[in-house]
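Proteins get letters first, then strands, A, B, ... in listed order; numbering begins at 1 in each. Heavy-atom basis, side chains included; hydrogens, waters and symmetry copies ignored. Remember, predicted model here, so these are calculated numbers, not experimental data.
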Protein chains: 2
Amino acid sequence: MIPIARPVSRRGEGRERVVQAALDLFAVHGISGTSLQMIAESLGVTKASIYFQFRTKEEIVTAVLAPALESLGDLVDRAEGLPGEEARRDAAVTGLVDLVVRHRRLVALLRGDPAIAIMMKAHEDHVGVVDRLGNLLLGTHPTPQTQVTMTMLGGGLMMSGADPELVGLPDDVLRAELLRCARALV
Amino acid sequence: MIPIARPVSRRGEGRERVVQAALDLFAVHGISGTSLQMIAESLGVTKASIYFQFRTKEEIVTAVLAPALESLGDLVDRAEGLPGEEARRDAAVTGLVDLVVRHRRLVALLRGDPAIAIMMKAHEDHVGVVDRLGNLLLGTHPTPQTQVTMTMLGGGLMMSGADPELVGLPDDVLRAELLRCARALV
DNA sequence: GTCTATAGCCCGATAGAC
DNA sequence: GTCTATCGGGCTATAGAC
């Protein structure tokens, strides 16, 4: 958000290394299950070094999730601009499938950890995006049928990013199969 | 495992109170996010009292999950006894839907916490049940299509137990809608 | 069966030298 | 930018009085 005064060394490449290491560990142990100690050790440095790049652990989590949340925001913006409720819903569904495939491990992260839900509520703009996505998928007057269907869809997509059985599947195969399932549901 | 010499007071009713309190807290904060302190406080006692009933936290977790895992074992036993691959798969699917509805909050627990996966691997018998369930659903020669479909199904069912939007739905409505979704998928 | 008290560990985060 | 060292606190788990 705020453009930080350029540090002496090149760009935020130190931050990027931390984010990558954190993502690897989050994917295995979850967010709460990953300590700064573990991140530091996997980089061969100490905890204190990481605190030079990030001021809190939460700042690392938001940095890890940022790309997926940004893509989600773009997707919602795009879908909302379409004319007709069905077209908007279809754009939301196919966009979600695409997002899950592109950010597989990140979505797997959103799956479980209660820490995520707490963190999301702290950033109201993200809550707004999720609500708008809900409107696209469910319409403004949700029925039990649409609610259950969309929970099945969302949950299934999330788990598909997480499932170790599916990591070997190429992106295009996974995308095609997920689309088939999604279309069968809606 | 080892049958403990019967305590002076009636049966394991102290254990049951702990299990109920733990389930309530696990559902909100996750397993790793719930400390013995929190469980003790919600019961109005101290941590040490709980250690009179359970020797470790993991023992509490297994006690909480036991009913659902037992139901799952029964379901797999029953389905495997049927003649014909399709009949077995159908029994597995409908049985799963039923199990999710009956043990909603428990299933929500299985959803997220990586601690669960680690714990499950420690008990090989549970792993065996999951593998047998996989065979029922996927057949012995899984294809990408069946793999993705079953991940969508399993993930969707889990999230349906977890989703706060759906807790207000009566059991029979939820069961009917989940069955409709499941049949649409397979 | 419940209590107080505490051991021993790891956590996130900070201070300050280099 | 990385280090050592440490603080304050929460955690699981145990010891022992009542």
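A/Met119 places a side-chain heavy atom less than 4.5 Å from the side chain of A/Leu65.
Non-hydrogen atoms lying under 4.0 Å from DNA chain C are contributed by nothing in residues 18-31 of chain A.
When the P atom of C/dC11 is taken as reference, atom CE of A/Met38 falls 8 Å away, rounded to whole Å. Atom P of nucleotide C/dA13 and atom CZ of A/Phe54 are separated by 13 Å, given to the nearest angstrom. One can place CZ of B/Arg55 at 11 Å from P of D/dA13, the figure rounded to the nearest angstrom. If you measure from atom OH of B/Tyr51 to atom P of C/dA7, you get 17 Å, rounded to the nearest angstrom. For the pair A/Glu41 CD and C/dC11 C1', the computed distance is 13 Å after rounding to whole Å. The distance from atom CD1 of B/Ile50 to atom C1' of D/dT14 is 15 Å, rounded to the nearest whole Å. Rounded to a whole Å, the CD1 atom of A/Ile39 is 15 Å from the C1' atom of C/dC10. If you take NZ of A/Lys57 and P of C/dA13, they are 8 Å apart, rounded to a whole angstrom.
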Can you build the contact string for nucleotides 2-9 of chain D? Use B for base contact, S for sugar-phosphate-only contact, and - for no protein heavy atom under 4.0 Å.
BBB-----
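Within the 4.0 angstrom heavy-atom criterion, no nucleotide atom of any strand lies near B/Ser32.
Under the rule for a side chain to side chain donor-acceptor pair (under 3.5 Å), B/Arg17 has no partner lying at least two apart in sequence or in another chain. Residues satisfying the side chain to side chain donor-acceptor pair (under 3.5 Å) criterion with B/Arg89, sequence neighbours excluded, are absent altogether. Take A/Thr151 and apply the side chain to side chain donor-acceptor pair (under 3.5 Å) test, not counting sequence neighbours, and it matches B/Asp163. Applying the side chain to side chain donor-acceptor pair (under 3.5 Å) rule to A/Asp131 yields no partners; only residues at least two apart in sequence or on another chain are considered. Partners of A/Arg132 under the salt bridge (Lys or Arg N to Asp or Glu O under 4.0 Å) rule, at least two apart in sequence or in another chain, are A/Asp77, A/Glu80.
Contacts classified as ring-ring contact (aromatic ring centres under 6.0 Å, His included) and involving residues 12-57 of chain A (residues at least two apart or in different chains) are not found. Contacts classified as ring-ring contact (aromatic ring centres under 6.0 Å, His included) and involving residues 97-144 of chain B (residues at least two apart or in different chains) are given here: B/His123-B/His126.
Between the side chains of A/Thr149 and B/Arg180, at least one donor N or O lies within less than 3.5 Å of an accepting N or O.
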